[in-house]
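This report refers to the structure that appears directly beneath it.
Letters A, B, ... mirror the listed sequences (proteins, then strands); counts begin at 1. Since we're looking at a predicted model, the values are computed, not measured. Side chains are part of it too, since the values below use all heavy atoms of this structure and drop only hydrogens, waters and symmetry mates.
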2 protein chains.
Amino acid sequence: MGDLQFKRSVELTLKVIGGKWKPVVLCHLTEGVKRFGELKRDMPDITQKMLTQQLRELEQDGIIDRKIYTQVPPKVEYSLTEYGQTLRGVLDVMADWGFKHEERIR
Amino acid sequence: MGDLQFKRSVELTLKVIGGKWKPVVLCHLTEGVKRFGELKRDMPDITQKMLTQQLRELEQDGIIDRKIYTQVPPKVEYSLTEYGQTLRGVLDVMADWGFKHEERIR
DNA sequence: TCCTTTAGTTTCTTTCAGGGTACTATGTTA
DNA sequence: TAACATAGTACCCTGAAAGAAACTAAAGGA
């Protein structure tokens, strides 16, 4: 892989899973199917707006699935798509490095 | 690894290699030792201020080494530390995923 | 009749990462 | 004696991201 392509690929990955909330959301969704409110409760510091926004972006990138139950009050379930599962490896490697880094700087 | 720890580790990694310029800088430094001006030329769109800033942060994180030659005009060489080399795997996995993702969305 | 619940949307405000430009030091060269 | 080259620093500015808080829909229950 060329150097330029390498750079672009890393940047693209960062666009999909980078930022303040995406990795956290992804992390919680690796546990399984979650409702909106559940995710919100898992992440007390995220605002509803931010959570919705991150979920929409992940959905558009094909990473997560959004299943709406037409009932009142509303019920919406989020889960990783099969494609989203392929991110697991990336997240694992990042977590590994981060964990060792944390030990190093401690 | 606990879920909370996993999340924290991923976030820490992102703090070290995330942002607009860090991955690009890192990518260029995997090619070997580079002078400041060389890096600047490799990245025409980065400002001197930003480049300096990113390099300082990477240095503080122990990822890169800064070698100053006391001569005029100044000469400063940047390179990956041994520790910085351990990021290679992380970047590789990210590049792999990003590459496949790019193919997917094309 | 009004409250509750859930998953949002809307609007306004704040924060901050990043950017532009000018300035600096200093030995060498023309 | 003036310009050049290199690797910065200082200062101010901007736009985009993030956050807070209020608002919404609509069925069911008290």
Legend entry - From Thr30(B) atom OG1 to Asp92(B) atom CG, the distance as rounded to the nearest 0.5 Å: 8.5 Å
Legend entry - nucleotides 3-12 of chain C: protein proximity per nucleotide (B base, S sugar-phosphate only, - neither; heavy atom, under 4.0 Å): --BBBBSBB-
Legend entry - Geometric cation-pi criterion, Arg88(B) with Phe6(A): 6.0 Å, 45°: yes
Legend entry - NZ or CZ of Lys75(B) within 45° of Tyr69(B) ring axis and under 6.0 Å: yes
Inset, instruction - Can you tell me the distance, in whole Å, between the CD atom of Glu57(B) and the C1' atom of dG18(C)? - result: 11 Å
Legend entry - Gln71(B) CD to dT28(C) P, straight-line distance once rounded to whole Å: 10 Å
Legend entry - Spacing of CG belonging to Leu87(A) relative to NE2 belonging to His101(B), to within rounding of 0.5 Å: 8.5 Å
Legend entry - Whole-Å gap separating C1' (dG19(C)) and CD (Gln54(B)): 12 Å
Inset, instruction - Starting from C1' on dA17(C), measure out to CE on Met50(B) and report it in whole angstrom. - result: 7 Å
Inset, instruction - In whole angstrom, give the distance that lies between atom CD of Gln53(B) and atom C1' of dA17(C). - result: 8 Å
Inset, instruction - Please check if the side chain of Lys22(A) supplies one atom and the backbone of Leu14(A) the other of a donor-acceptor pair under 3.5 Å. - result: no
Legend entry - Nearest-angstrom distance from the residue atom CG of Leu14(A) to P of dA17(D): 15 Å
Legend entry - Nucleotide dG8(D), atom C1' - distance to OH of Tyr69(B) in whole Å: 18 Å
Legend entry - Between Ser9(A) and Gln5(A): side-chain donor-acceptor atoms closer than 3.5 Å: yes
Inset, instruction - Rounded to the nearest angstrom, tell me the gap between atom CD1 in Ile46(A) and atom P in dA20(D). - result: 11 Å
Legend entry - Touch class at under 4.0 angstrom, heavy-atom based, for Lys20(A) against every strand present: sugar-phosphate
